Amino acid sequence: MLRFEMVGLRYDRAGYTPPARGRRSAADRRSGESRPPGRRQPLPEVLHDISFQLDPGAFRWLLGPSGAGKSSMLRLMYLAVRPTRGRLNLLGTEVTTAPRTALPGLRRRIGVVFQDFRLLQHLSAFDNVALPLRLAGRPEGQIKADVTELMRWVGLSRYLDLPPAMLSGGEQQRVAIARAVITRPALLLADEPTGNLDDAQAERLMQLFKELNRIGTTVIVATHNEQLVARHPAPALRLSEGRLVRVDRDA
Amino acid sequence: MISLRPSGFDELGLRRALSDRVLPLLVAAMTFLAALALGGWFGIASLSQHWRTGAGSALTVQVPDAQASAAGLPGTRLAAVLSLLTGTPGVASAKALAQDELAALLRPWLGSAGGHLSVPIPAVIAVRLNEETLDVTPLARRLASAAPGTLVEDHAIWIRRLALLTRSLQACAGLALIVVAAVAAAVVAVATRAGLIRRREAIEIVHGLGATDSYIAGRFAARATWLATMGGVGGSVIALPLLLVLANLAAPFSGRPVEPGDMRDALETLPPGLWFALPCLPAIAAAIGFVTAHGTVRRWLRRLP
């Protein structure tokens, strides 16, 4: 389902893929960023020897201080980067060796709530939430019904046609959450999802995550919010300085 | 609002990233140049075709003092030359021009009195050859011995020179077409790259949501194809009147009557091939737009994991 084996991650300067062993990637060469002399050595590794395994339907907090590598862990799990070393298996696909063409289909089974939302500013809230369904080629009638229903659930049915810039931070976050769960993903990742929400909204969001988890979605939530963790006790993965220092098992 | 109209769904914001101003304008300019090059190509082709069939396999033989009796042969000098010509392999026909045909030939220079001049006029024999490559020098020598003073005018040399010239001009037109197509592809590639950079964040988001490379490249290619088609249509339409004017100017050289002012005649002066090639230009522009944008985006996307 989700298996890390001695995974290490080192970013290249473009920030996407770790350089292939022994040579720079073609994309890297073309990016044309001239490297200042004396800075040719590779960037330091940000994650070291990460090993753990999650069964389908698990719920985990991802904890650790800022800079511990939480975001990099999530980036590995939503396929924004591939491991520099080790083996990573996501939803049955061996990410380390899979051809590039196998990744888009995998990404569609993973929902992500970004800390900075990453909404498309030139689209309406409705179109932002509908985007994953349209990429998956669902029929437009079903899209309209599903999106309208979910937007009502997150309390945004009055704002369907507004662009994100006209919504408050909390409202944008709810649009981002709706976009992440609209496809009922097998794996749901969230990076500080309650950062812009008041306590009542945060509780509501946790109920949504638990509901999705109950029907089989694997949920991983990265947060600093210890109060939230205390109110919703669950197993945790704790990172410190790029290493996994605590791996709770399911109760 | 576009929210419920997925046909106009523009998730990458390409309507602004690939604007409908610069690219169509540049493609229109390229198409205009391509249309002129095509016009040159077909114009040269039809002129050279006309000249070749008109005079390509022909000789003109002038026999002075035609009615005098030939030396050592029965009959007139004209008859002697004619019988020699018809007996020569490679000659399809040899026909002496009648008096009024000669008069018609001379009229532009001598006026209507051409037929009644007291100056002796040689008989003119129009000879058609089976093959263009017949070497006329020995023939000319035999004719001159039968009827001294006989002149053989070989058009083939001029036709060969003309053919070389027209082939070179056509090669230039073809080269111009290739260069124009390459520049058009470069223009599309630059515009696409600018669009990629402008929409980098949106592309990364859509990529992260599971869009395939071909999906994203397809969105760019669809936009570029549309813009290139607009430019192609515009450029062809603008080039058409200019081509008509040029075709009218060239009409006398193709033996067509010059009747300025009549639009239908003007349209008919365009070489038929051009009527087929001109509508192809927007299609070619569209194809260049599609292929270039698709390739450019796909290559760029390879930097994403």
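Here the structure is a predicted model, which means the values were calculated and not measured. Proteins get letters first, then strands, A, B, ... in listed order; numbering begins at 1 in each.
Counted within 6.0 Å of CZ on R158(A), heavy atoms from surrounding residues, nucleotides or ligands total 12 or fewer; the atom is thus considered open. For R184(A), the CZ atom counts as loosely surrounded, since its 6.0 Å shell holds 12 or fewer non-hydrogen atoms of other residues, nucleotides or ligands.
Between atom CG of residue L131(A) and atom CZ of residue F9(B) there is a gap of 5.0 Å, rounded to the nearest 0.5 Å. How far CZ of R107(A) is from OG1 of T212(B): 10.5 Å, rounded to the nearest 0.5 Å. The CG atom of L209(B) lies 9.0 Å from the OG1 atom of T183(A); values are rounded to the nearest 0.5 Å. For the atom pair CG (D127(A)) and CD (E11(B)), the distance works out to 9.0 Å, reported to the nearest 0.5 Å.
Within the 4.5 angstrom heavy-atom criterion, atoms from both the backbone and the side chain of L301(B) approach chain A. Only the side chain of R179(A) comes within contact range of chain B, with heavy atoms under 4.5 Å apart. Contact of L103(A) with chain B is made through the side chain alone, with heavy-atom distances under 4.5 Å. Looking at I110(A), neither its backbone nor its side chain comes within 4.5 Å of chain B, counting heavy atoms on both sides.
Summarising the geometry of P305(B) relative to A80(A), their closest heavy-atom pair is CG-O, 3.0 Å, with the distance given to 0.1 Å. Pairing each heavy atom of V206(B) with each of L120(A), the nearest pair is CG2-CD1, 4.1 Å. A202(B) and H122(A) make their closest contact through CB-CE1, 4.3 Å (heavy atoms, listed as atom of the first residue, atom of the second, distance). Of all heavy-atom pairs between L123(A) and D10(B), the closest is CD2-O, 3.8 Å.
Between the side chain of R118(A) and the backbone N or O of E201(B) there is no donor-acceptor pair closer than 3.5 Å.
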